[in-house]
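The figures here come from the full heavy-atom set of this structure, side chains too, leaving out hydrogens, waters and symmetry mates.
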Amino acid sequence: MKIDVTNDFTPIPPEPSNVEYTPKVKKTVTQYGETITDNTTFTFELTAKEDYGDVVSISSSTGTVSGIGEAQPIGTITFKETENESETYTFTITEKPGEGNNGYTYNPDGVKWELTVTVENDPENEGKLKATGEYKKIGEDEPSENEFAEFTNVLSECKFTPEVEKILLDKDDKEQSSFGGNKFTFRMEPANVKLPSEMFYVEDKPNETGRDIDLEYTVDEPGRQSFDKAIIFPKDTIEGDYIFWLWETDENRVDGIRYDDTVYELTVKVEKEFGGKLTAELVSWQAGRLTENRQKFEATGDLYKPDTLFAEENRVKFTNQYTDDVPCTYTPQVEKILLAPDGETELNDSTEEFSFTLTYDGDSEKVTLGETTATASAAKPGKFGAITFEEDGTYEFTIREEKKAGYLCDETEIKLTVTVKDLKVTKAEYTGAKKDAAVFTNTQTEEETGSLIIKKVVSGGPESAGDKTFTFTVTGPDNYSETVTLKAGETKTLSGLPLGTYTVTESGAELGGYTLTVDGTGPVEVTAGETAEVTVTNTYKPEEPEEPEEPTEPETPDEPERPQLPDPNDPDSPETVTITEDDVPTTYVKVWDPETEEFMYIPEDEVPLFGFETPETGDNSQTVLLGGVCALALAGIVVLAVTKRRNKKEQ
């Protein structure tokens, strides 16, 4: 039996020739107008311009790249084979802003890119497809020469924003969820130490730099909060550690609340990372207090760093508490209104400060005054020290303004009346237009005035010389006198000065172990509309040790004076003379000196055996005496000689 088997083969259609295309994005980041390298991740969205069905698939609608300056892929687009020999597909690439902005201005010009991908048969690979892309910035006519989309982000200036946490407890130590309408104010300023530079300033106040910054923040609810202003470190800031002090002020103090008097020392490291990015980061903080008239920090708590165990629980934190044992106090305030010479235009000048004094009009020993002087500008009110009351009553005080050159100062005396009941301030009222502060109005004068800049420079000496606070007294015409304090590298401008000659006198600048030379204190002439300048330079040099005095040669003692004797060469002079001194008689003999060929008197016991002769006077007694002495001497010599010779033979 024959069996025929027929196989029918159905051809299997070839799998479609798919092709992939990888879009790329380049991220450029600038800071202070310069391109930097930044490892921050940025996110982009890739969308098809229209629905291409299952012909086009995108691996991910979003992709990320870093700001390292190179084009990077953000996903993959897959295209299936179609009946058409060539097809084009259009996509849009946009940037998605980062969470919280992170200090970047994202896509500041609202740029979007259009990507056109052409899919066609690859002439070099039969049966294969190829895909090519073309990038064009939306809104521009010509496509880019690059095969990527480029986005530019702007990184804000280098800044540091302080954070504080405020806690309010009731009398039973229970944490309150509300401040009950009370507010608490915090202040941060540069520490009283030498800093790498003082170019930094508070956000929106670029003209107030270094130690002139004014950074305060008020909170009205519990919890951790960031200041609403940051400290800005400009482009040319010197890298290093910048130290600040942060504390709670008495801005809105309320009776019945015990305030936290902790001062925190914050260290902020400013450095330029690889790639040129300037950053400011809090690297440590420590609780403490200020000593030596608020000039020095003394630690009272542990030093914390961001990576320290429990650092998160020990952030900058202030705890206040309701209590009955706090003293009854009131802090007087003063405000300044400054008018232009026209007497109408109000000026908001923060550079000109005016001084005020407060006096107590009563005699109660139950009232203790705090600081009795205050300063204020048109832009910032001033405060006196807190007044403490120990018993109920009504108390009156007087506030006056000190005169200032170049201004018609307000000579009004403003009265402050404080009422205390149950050891609580129930009422504090000022005379004048405003009831909660003493307000003084000044008007600029049109008289010609000038300005004076005082600069402080320190050369040599120990490091402590640069941290020292120097005090100057500036004197000038019309009994002008003002006290200025500066540290090394600081300046102070005095404006509105009457024209004339000014002198700057420094005091208390000496340092133990160093000699001090002071140059540049004036006098200096202040002229109309001009700014004179005085640079006071202190030069310190170590004191050199005193050289020991060289020993002096001992003086040769003078020969004892001879007593008064007659002239031996006088023919009538005696042969011997006896003189008694201190009850001791001494006899002097007249002898002839053949060398000088003169007679001389010598003590009898000093008469030599040879070399002198007695005078020829006919008296032979002296000759016989001398001859006998000589004979005895010669006899002694002979005896010694014979004795020596005998001893030698016996040996």
Next item on the list: Measure from the side-chain N and O atoms of N538 to the backbone N and O of V458, and report whether any donor-acceptor pair falls under 3.5 Å.
Entry: no

Next item on the list: Without swapping roles, check the side chain of N182 against the backbone of F179 for a donor-acceptor pair under 3.5 Å.
Entry: yes

Margin query: I'd like to know whether T537 forms a side-chain contact (heavy atoms from CB on, under 4.5 Å) with K455, so could you lay out the CA-CA distance, the side-chain angles of the two residues, the decisive distance to 0.1 Å, and finally the verdict.
Written below: CA-CA 8 Å; T537 302; K455 295 183 177 180; over 6 Å; no

Check: What closest approach, in Å, do T503 and P523 show between heavy atoms, and which atom pair accounts for it?
Finding: OG1-CB, 3.9 Å

Note to self: Any salt bridge linking E165 with R315? Criterion: basic side-chain nitrogen under 4.0 Å from a carboxylate oxygen.
What the structure shows: no

Item checked: Minimum-distance pair of heavy atoms, taken over all atoms of L452 and L497 -> CB-CD1, 3.6 Å

Check: Should E189 and R211 count as an ion pair when the cut-off is N to O under 4.0 Å?
Finding: no

Check: Is NZ or CZ of K235 both nearer than 6.0 Å to the six-membered ring centre of Y32 and within 45° of the ring axis?
Finding: no

Check: With a 4.5 Å heavy-atom cut-off, do E429 and V418 have their side chains touching?
Finding: no

Note to self: For the backbone of N192 and the side chain of Q295, can you confirm whether one donor and one acceptor N or O come within less than 3.5 Å of each other?
What the structure shows: no

Exercise answer: donor-acceptor pairs, residues 375-389 side-chain atoms, under 3.5 Å, sequence neighbours excluded:
residue, atom, partner, partner atom, Å
S377, OG, A379, N, 3.3
S377, OG, K380, N, 3.1
K383, NZ, D250, O, 3.2
K383, NZ, E251, O, 3.0
K383, NZ, E251, OE1, 3.2

Item checked: Electrostatic pair E198:K487 at N-O distance under 4.0 angstrom -> no

Note to self: Go through it in stages, so that I can follow the logic: the residues are T417 and Y395, the test is side-chain hydrogen bond (donor to acceptor under 3.5 Å, both in side chains), and I'd like the CA-CA distance, side-chain angles, deciding distance and then a yes or no.
What the structure shows: CA-CA 6 Å; T417 303; Y395 304 90; over 6 Å; no

Check: Would you call L195 and F200 a side-chain contact if the rule is heavy atoms closer than 4.5 Å?
Finding: yes

Next item on the list: Kindly indicate, with the supporting measurements, whether the criterion side-chain contact (heavy atoms from CB on, under 4.5 Å) is fulfilled by K183 and V219.
Entry: CA-CA 6 Å; K183 296 180 179 181; V219 302; over 6 Å; no

Next item on the list: Would you sort out whether K166 and F186 count as a side-chain contact (heavy atoms from CB on, under 4.5 Å), showing the intermediate values?
Entry: CA-CA 10 Å; K166 185 63 190 175; F186 303 92; 3.6 Å; yes

Note to self: Under 3.5 Å, is there a donor on one side chain and an acceptor on the other for T37 and K277?
What the structure shows: no

Item checked: Considering all heavy atoms, the nearest L499-G450 contact -> CD2-N, 3.8 Å

Next item on the list: Kindly say whether I414 contributes a backbone atom to a donor-acceptor pair with the side chain of T412 at under 3.5 angstrom?
Entry: no

Note to self: Contact between P332 and Y430 at the side-chain level, heavy atoms closer than 4.5 Å - yes or no?
What the structure shows: yes

Notebook entry, point to check: Using 30° and 60° as the class limits, which term best fits the ring planes of Y360 and F397: parallel, tilted or perpendicular?
Noted result: tilted

Next item on the list: Quick one: list whatever passes ring pair (Phe, Tyr, Trp, His ring centres under 6.0 Å) with Y264, sequence neighbours left out.
Entry: F318

Margin query: Less than 4.0 angstrom from a charged side-chain N to a carboxylate O is my criterion; do E413 and R400 meet it?
Written below: yes

Item checked: Sub-4.5 Å side-chain heavy-atom contact between K205 and D214 -> yes

Notebook entry, point to check: Between N442 and K336, does a side-chain hydrogen bond (donor to acceptor under 3.5 Å, both in side chains) hold up when you go through it step by step?
Noted result: CA-CA 8 Å; N442 288 6; K336 167 58 59 183; 2.7 Å; yes

Check: Does the ring centre of Y480 sit less than 6.0 Å away from the ring centre of Y502?
Finding: yes

Margin query: Could you go through T501 and E525, starting from their C-alpha distance and side-chain angles, then the distance that decides it, and tell me whether this counts as side-chain hydrogen bond (donor to acceptor under 3.5 Å, both in side chains)?
Written below: CA-CA 5 Å; T501 302; E525 196 72 19; 2.6 Å; yes

Notebook entry, point to check: Does a side-chain heavy-atom distance below 4.5 Å link V484 with L494?
Noted result: yes

Checklist line | Basic-acidic side-chain contact under 4.0 Å: K272, E239 | finding: no

Margin query: Counting C-beta onward and ignoring hydrogens, is there a side-chain heavy-atom pair between E401 and F354 closer than 4.5 Å?
Written below: yes

Note to self: Quick check: do T185 and E248 have side-chain heavy atoms less than 4.5 Å from each other?
What the structure shows: no

Check: Of all residues at least two apart in sequence or in a different chain, which pass the ring pair (Phe, Tyr, Trp, His ring centres under 6.0 Å) check with F470?
Finding: none

Note to self: So, applying side chain to side chain contact (heavy atoms under 4.5 Å, CB included) with F160, which one of V270, V268, I232 is it?
What the structure shows: V268

Notebook entry, point to check: Just how far is it from atom CG of L486 to atom CD of E506, taken to the nearest 0.5 Å?
Noted result: 9.5 Å

Note to self: Counting only heavy atoms not in R224 (residues, nucleotides, ligands), do more than 12 fall under 6.0 Å from its CZ?
What the structure shows: yes

Check: Should D519 and V536 count as side-chain neighbours, where that means a heavy-atom distance under 4.5 Å?
Finding: no

Item checked: N/O donor-acceptor pair under 3.5 Å between N320 side chain and D260 backbone -> yes

Next item on the list: Could you check E346 against L338 for side-chain contact (heavy atoms from CB on, under 4.5 Å), going step by step and ending with a plain yes or no?
Entry: CA-CA 6 Å; E346 192 167 331; L338 187 59; over 6 Å; no

Note to self: Over 60° means perpendicular and under 30° means parallel, so tell me whether F356 and F440 are parallel, tilted or perpendicular.
What the structure shows: tilted

